[in-house]
Amino acid sequence: MALLRKINRGLLILLFLVALAFLYNMNRPQTLFKYSELRKDPGNAPRNEVEDETEVDRDIPVLICASEERIGASMATINSVYSNTRASVFFYIVTLRDAIKKIREYIENTKLRKIRYKILEFNPMVLKGKVNPDSSRPELLHPLNFVRFYLPLLAIGSHKRIVYLDDDVIVQGDIQELYHIKMKHGHAAAFASDCDLPDTHEMVRSVGMQTTYMGFLDYRKEEVRELGINPSDCTFNPGVFVADIDEWKKQKITKQLEKWMAVNFRENLFSSAVAGGVATPPMLIVFHDKYTTIDPLWHVRHLGWSPDAHYPESFLQKAHLLHWNGRFKPWDYPCVHLDLWEKWFIPDPTGKFALVRP
């Protein structure tokens, strides 16, 4: 009997320890990003060397996502940034696990081998229970569309700011001008307002581009009306922005964005809206009237909204940044102003990413 009691006591202790381990794992923060690679200039420091403080202070950090099916697009964006700046730029390239090797091959076997970069793997499980797969445009539900929500959790050293760029962007100006924008006190980010391009409003209206909150939020829902946001207020495009990391943390921006993702998951406040999918509306809600506006020439948008709407060439030449937001991407066909994008496109050395042309 004594032996039996000892065995039972041992089993109880074991069960208690297993329960504690289970609770610990349930409450442990989810790993969103995994470090993959840090690349220095050829002949300089070895791979996997961590940036020192003086180097971080000197760098312009630029974050871009690179999905497997659109790697060539991301490389064109990176090439345009790298080729048009006098500053020291450090690229943070965020992707999913299956694309890491392909990104590395693309960079190391082209002129981009000279860039300095780190590849980070995004864990899509963090989105579980936050996103409904019910969009008419499934590409807007890609996990990488939500990376911008989690900027402070990136392994970005001690950078105070970071520039976020979508992969359908070409930068024609010097990125340090955008990076050094003067932020208003208490603002965690700077965006371009959708009402700041008077030279292009006629074209935008002609193709039905959404520029107000009415186009993104479902005002039939009580939760939306309670926000007190005028449906005719101008929106902004979160495909290009500068983030103040310290202010982002202070205001708990990530938690606010996740809150609205969760509310939409339950109440469907914006997933069936006209524009923006489910990644844009949370940004519009959280940053309403709380962002610094950037020079509109640093975010000329709507180039991918219609294959029939063209900007004046003189205007595009003055633009510092071009954005093909919309369905009609410059690596597909049809699309407009393809020459301005192809100028920076670097063919895939593996031949897997190819342009669609007539």
Side-chain angles (χ1 to χ4, degrees), residues 64 67 69-81 83-84 136-137 139-140 145 163-175 177-178 191-212 214-216 232 234-241 273-277 279-280 284 293-347 353-358:
I64 183 168
S67 64
E69 61 274 19
R70 289 165 55 151
I71 290 178
S74 304
M75 297 303 118
T77 302
I78 291 171
N79 185 32
S80 70
V81 172
S83 300
N84 288 310
S136 59
R137 293 182 61 189
E139 72 273 15
L140 296 177
N145 284 341
V163 178
Y164 175 91
L165 301 176
D166 273 353
D167 64 358
D168 49 1
V169 159
I170 290 295
V171 176
Q172 299 185 138
D174 191 331
I175 197 69
E177 296 177 15
L178 178 61
F191 303 93
S193 169
D194 283 327
C195 296
D196 275 354
L197 283 175
D199 292 340
T200 63
H201 278 180
E202 184 176 347
M203 188 279 286
V204 170
R205 283 195 296 267
S206 71
V207 298
M209 185 65 193
Q210 300 298 318
T211 59
T212 66
M214 178 63 80
F216 293 86
S232 63
C234 288
T235 50
F236 57 85
N237 186 295
V240 173
F241 64 93
V274 176
T280 295
L284 296 179
T293 54
I294 67 176
D295 182 340
L297 290 178
W298 265 107
H299 195 175
V300 175
R301 353 195 231 298
H302 318 315
L303 276 77
W305 195 254
S306 168
D308 302 314
H310 293 256
Y311 284 98
E313 288 297 330
S314 58
F315 174 76
L316 293 177
Q317 293 302 322
K318 293 187 299 182
H320 303 315
L321 183 147
L322 305 174
H323 189 183
W324 279 263
N325 59 308
R327 298 173 183 266
F328 302 95
K329 303 302 184 185
W331 52 90
D332 284 333
Y333 189 84
C335 192
V336 296
H337 305 296
L338 301 179
D339 56 319
L340 295 176
W341 185 86
E342 286 191 19
K343 180 179 180 181
W344 307 107
F345 172 65
I346 300 174
F353 182 91
L355 304 183
V356 178
R357 292 297 180 258

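Bear in mind that the values here come from a model prediction, so they are computed numbers and not experimental data.
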Walk me through whether Gln172 and Leu340 qualify under side chain to side chain contact (heavy atoms under 4.5 Å, CB included). CA-CA 9 Å; Gln172 299 185 138; Leu340 295 176; 4.1 Å; yes
Drop me the distance from Lys343's NZ to Ile170's CD1, to the nearest 0.5 angstrom. 10.0 Å
Heavy-atom pair of closest approach, residues Cys335 and Pro307: N-CB, 4.5 Å
What is the distance from atom CD1 of Ile294 to atom CD of Glu177, rounded to the nearest 0.5 Å? 12.0 Å
Which distance, rounded to the nearest 0.5 Å, do you find between the CG of Asn79 and the CD1 of Ile346? 3.5 Å
Side chains of Phe236 and Thr280: closer than 4.5 Å at any heavy-atom pair? no
Taking all atoms of both residues into account, what is the closest heavy-atom pair of Trp344 and Ser80, and its distance? CG-CB, 3.8 Å
Working for side chain to side chain contact (heavy atoms under 4.5 Å, CB included), residues Trp341 and Leu355: CA-CA 11 Å; Trp341 185 86; Leu355 304 183; 3.6 Å; yes
Side-chain heavy-atom pair Leu165, Leu321 within 4.5 angstrom cut-off: yes
Any side-chain heavy atom of His320 within less than 4.5 Å of one from Leu178? no
Could you work out, with side chain to side chain donor-acceptor pair (under 3.5 Å) as the rule, every residue matching Ser232, not counting sequence neighbours? Asn230
d(Asp332 CG, Arg327 CZ) to nearest 0.5 Å is 12.5 Å
Phe328 and Val336: CA distance, side-chain angles, deciding distance, side chain to side chain contact (heavy atoms under 4.5 Å, CB included) verdict: CA-CA 8 Å; Phe328 302 95; Val336 296; over 6 Å; no
Main-chain N/O of Asp174 paired with Asn84 side-chain donor or acceptor, under 3.5 Å: no
4.5 Å side-chain heavy-atom contact, Asn325 and Asp166: no
Evaluate Trp324 against Asp167 for side chain to side chain contact (heavy atoms under 4.5 Å, CB included), listing each step before the verdict. CA-CA 9 Å; Trp324 279 263; Asp167 64 358; over 6 Å; no
Option among Asp194, Asn237, Asp168, Thr211 that satisfies the side-chain hydrogen bond (donor to acceptor under 3.5 Å, both in side chains) test with Arg301: Asp194
Nearest heavy atoms of Trp305 and Gly326, plus distance in Å: CE3-CA, 3.9 Å
Would you call Phe353 and Phe345 a side-chain contact if the rule is heavy atoms closer than 4.5 Å? yes
Can you sort out the partners of Gln317 under side chain to side chain donor-acceptor pair (under 3.5 Å), two or more places apart, ordered by chain and number? none
For the atom pair OG1 (Thr212) and CG (Leu284), what is the distance rounded to the nearest 0.5 Å? 10.5 Å
With rounding to the nearest 0.5 Å, note down the distance linking CZ in Phe191 to NE2 in His299. 10.5 Å
For His310 and His337, the nearest pair of non-hydrogen atoms, with its separation, is CA-NE2, 3.6 Å
Validation row: Trp298, Val240 side chains within 4.5 angstrom (heavy atoms): no
